[in-house]
Every structure is written in C-alpha cells, then in structure tokens.
Amino acid sequence: MIKTAPSILSSDFSRFGEEIARLDRSSCDYIHVDVMDGHFVPNLTFGAPVVKAMRPFAKKVFDVHLMMDQPEKYLADFREAGADIIGIHREIRADLKDVLARIRALGARASLTFNPDTPVDGIEEFLPLVDQVLLMSVHPGFGGQSFIPAALDKGYRVRQAIRKGGHPVDLEIDGGINAETARLAREAGFNVLVAGSWLYKHPDFEAGLASLRG
C-alpha cells in the first residue's frame, strides 16, 4: 500500500491551524513534520511546543523527522507533543540502537533516516529496531530542491534487505517528489512518499495525492 505524507514545511505558516486541518480532511496518510535545529542542517524550523499546538487540529499520523544533532534529549518532548513516528538520522553521534529503542519504549514508531551521501551498507542490523527507513533524495535543510536519482538504487537495496529479513518496515523517500519521481520511487520499492513544494503548488491537492499513489 502506497502512503502519502505531505510536508507541512511547504504550507502557509500564517494559517498553520487551517493548513493542518486541511491535511487531516484530505486523503493523505501521514502529516510529515520536519524539525530542524539550525546545527545538524543550516535551517531552523520549530520544536515540540509547535508540534503540540498542531496536534488538536488533526487525528492523522504525525511523522516527525528530527534533523537534530542531539535528538535523544528531546524524544519524550516530541512524543508527549503528539508525534506518532519519530525519525532520527544515521549520521548523528549518539548510540543509534539505544535511541531507536528509547523511541519505541515511548510508544512511538522508530524511523531511521539516511542523507543522500550516507551509504546504506549494514542496514540489516537496524531493521529489527525500526518501523521505517527514510532515504533523503535531496540534501536536507530546505524545500524545493531537485531530486537525486541515486536514492532510487539505495531504496532498491534497502527494500531487498527488508524482504530478505521479513521485517515489517516501511520505506520512505523525501525530497523532490512529484508525479514522475513518485512513479520511479514506487518502482524502486518505496511505499511512503513525502511531498512538499510540488504538491502544495498543484492546482488540485487531492489529484496531486492521487498521482503520487499512482
């Protein structure tokens, strides 16, 4: 089943509550929330208090992507704020297995994210510990970037590892997703598609979601 996850980073921040409510009424599966700390990536968005403020406007799954140097310090805050999926990056210096276990212990689904330049070698050791793997198809930090095709080959290899191990793990892609790149991503084995700029500029939001699902 293909799941769609619009990124609120591309929404109208002056009408945030309305935008979240609109996503909740739509046919999307997740609401993707990009949290940036200004250190791990060269941009700053918002923290757990803003996620908490969003939560009353939607019942859909909050897929919270932590682009942070030390996400382990804030896991409980984001879970209490309403995060259903909490994603951390492969590139952080913390004990990844411990942080992933802590996410699950809080009752959230654990997601592990890989930047475009980070190899997925050794992904097998993490698959029993995660509910989702997210591969970035742009360099994280800013929306509107061009799709990096190398993410497709990485996705194919991760999907093969998921199937070989029999793990119930979703494979998500984020960055430069539109109707055409979504088709390529589906063919590579991705089943969760994050879309931002292209989707929000689409003249018909529901038709845009449908085209992502194929």
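In what follows, every heavy atom counts, from backbone to side chain, and hydrogens, waters and symmetry copies are set aside. Just so we're clear, the structure is a prediction, and the values are computed from it rather than from any experiment.
Between the E72 side chain and the A94 main chain, no donor and acceptor come within less than 3.5 Å of each other. Side-chain N or O atoms of D37 include one that pairs as donor or acceptor with a backbone N or O of D69 at under 3.5 Å. Of the possible donor and acceptor atoms, none in the side chain of K97 sits under 3.5 Å from a partner among the backbone N and O of E125. No donor-acceptor pair under 3.5 Å is formed between the side chain of R163 and the backbone N or O of G166. At distances below 3.5 Å, not a single donor-acceptor pair connects side-chain atoms of E124 with backbone N or O atoms of A161. Within the 3.5 Å criterion, the main-chain N or O of D170 finds no donor-acceptor partner in the side chain of N191. K60 places a side-chain N or O within 3.5 Å of a backbone atom of C28 that can act as its donor or acceptor partner.
The two residues A195 and L212 have their closest heavy-atom pair at CB-CD1, 3.7 Å. What you find for F78 and G47 is that their closest heavy atoms are CE2-C, 3.7 Å. For the residue pair R213 and T4, the shortest heavy atom distance occurs at CG-CG2, 3.7 Å. A48 and A81 get closest at one heavy-atom pair: O-CB, 3.4 Å. When all heavy atoms of S11 and F16 are compared, the closest pair comes out as OG-CE1, 3.5 Å. Taking all atoms of both residues into account, the shortest heavy-atom contact from G82 to R55 is O-NH1, 2.8 Å.
The shortest distance between side-chain heavy atoms of D29 and V61 does not fall below 4.5 Å. Put simply, the side chain of T45 does not reach to within 4.5 Å of the side chain of F13, judged on heavy atoms. With contacts defined as side-chain heavy-atom distances shorter than 4.5 Å, the pair I123/F114 qualifies. Proximity of I8 to I20: side-chain heavy atoms (C-beta onward) are separated by under 4.5 Å at one or more points. Counting only heavy atoms from C-beta outward, the side chains of F126 and R90 approach each other to under 4.5 Å. At least one side-chain heavy atom of F46 sits under 4.5 Å from a side-chain heavy atom of V33. For the pair V194/H65, no side-chain contact is recorded, criterion being any heavy-atom separation below 4.5 Å from C-beta on. Side-chain atoms of F205 and L23, non-hydrogen and from C-beta on, do get closer than 4.5 Å to each other.
Looking at I92, I103, V64 one by one, the single match for side chain to side chain contact (heavy atoms under 4.5 Å, CB included) with P71 turns out to be I92.
Residues I86 and L129 share a single hydrophobic cluster, defined by chaining ILVMFWY side chains whose heavy atoms lie under 4.5 Å apart. In the hydrophobic clustering of ILVMFWY residues, with side-chain heavy atoms under 4.5 Å counting as a link, V51 and L75 come out together. Connection of L44 to M67 is not established within any shared hydrophobic cluster, with ILVMFWY side chains joined at heavy-atom distances below 4.5 Å, either directly or through further cluster members. Hydrophobic cluster membership differs between I85 and L106, with clusters built from Ile, Leu, Val, Met, Phe, Trp and Tyr side chains linked at under 4.5 angstrom. Residues V158 and Y156 are members of separate hydrophobic clusters, defined by side-chain heavy-atom contacts under 4.5 angstrom among Ile, Leu, Val, Met, Phe, Trp and Tyr.
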Which donor-acceptor pairs under 3.5 Å do side chains of residues 130-138 form with protein atoms, sequence neighbours excluded?
{"from": "D131", "atom 1": "OD1", "to": "R104", "atom 2": "NH2", "distance (Å)": "3.3"}
{"from": "D131", "atom 1": "OD2", "to": "R104", "atom 2": "NE", "distance (Å)": "3.3"}
{"from": "D131", "atom 1": "OD2", "to": "A110", "atom 2": "N", "distance (Å)": "2.8"}
{"from": "Q132", "atom 1": "NE2", "to": "S111", "atom 2": "OG", "distance (Å)": "3.1"}
{"from": "Q132", "atom 1": "NE2", "to": "E172", "atom 2": "OE1", "distance (Å)": "2.6"}
{"from": "S137", "atom 1": "OG", "to": "D174", "atom 2": "O", "distance (Å)": "3.1"}
{"from": "S137", "atom 1": "OG", "to": "G175", "atom 2": "N", "distance (Å)": "3.4"}
{"from": "S137", "atom 1": "OG", "to": "G175", "atom 2": "O", "distance (Å)": "2.6"}

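Distance check, rounded to the nearest 0.5 Å: NE2 of H89 to CG of L66 gives 8.5 Å. Remark: L171 CG to R159 CZ distance equals 5.0 Å, nearest 0.5 Å. How far CD1 of I173 is from CG of L152: 5.5 Å, rounded to the nearest 0.5 Å. A distance of 8.5 Å separates NZ in K154 from CD1 in I148, rounded to the nearest 0.5 Å. To the nearest 0.5 Å, atom OH of residue Y200 and atom OG of residue S7 are 6.5 Å apart. Taking NE2 of H202 as the reference point, atom CG of N178 lies at 10.0 Å (rounded to 0.5 Å).
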Check: Run the side-chain contact (heavy atoms from CB on, under 4.5 Å) check on I88 and T113 step by step: do they pass?
Finding: CA-CA 6 Å; I88 62 169; T113 305; over 6 Å; no

TODO: Go through R109 and D63 one step at a time and tell me if the salt bridge (Lys or Arg N to Asp or Glu O under 4.0 Å) criterion holds.
DONE: CA-CA 9 Å; R109 284 179 263 173; D63 178 18; over 6 Å; no

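Salt bridge annotation for R183-E187: present, with a cationic side-chain nitrogen under 4.0 angstrom from a carboxylate oxygen.
If you check the side chains of H32 and D34, you find a donor sitting under 3.5 Å from an acceptor.
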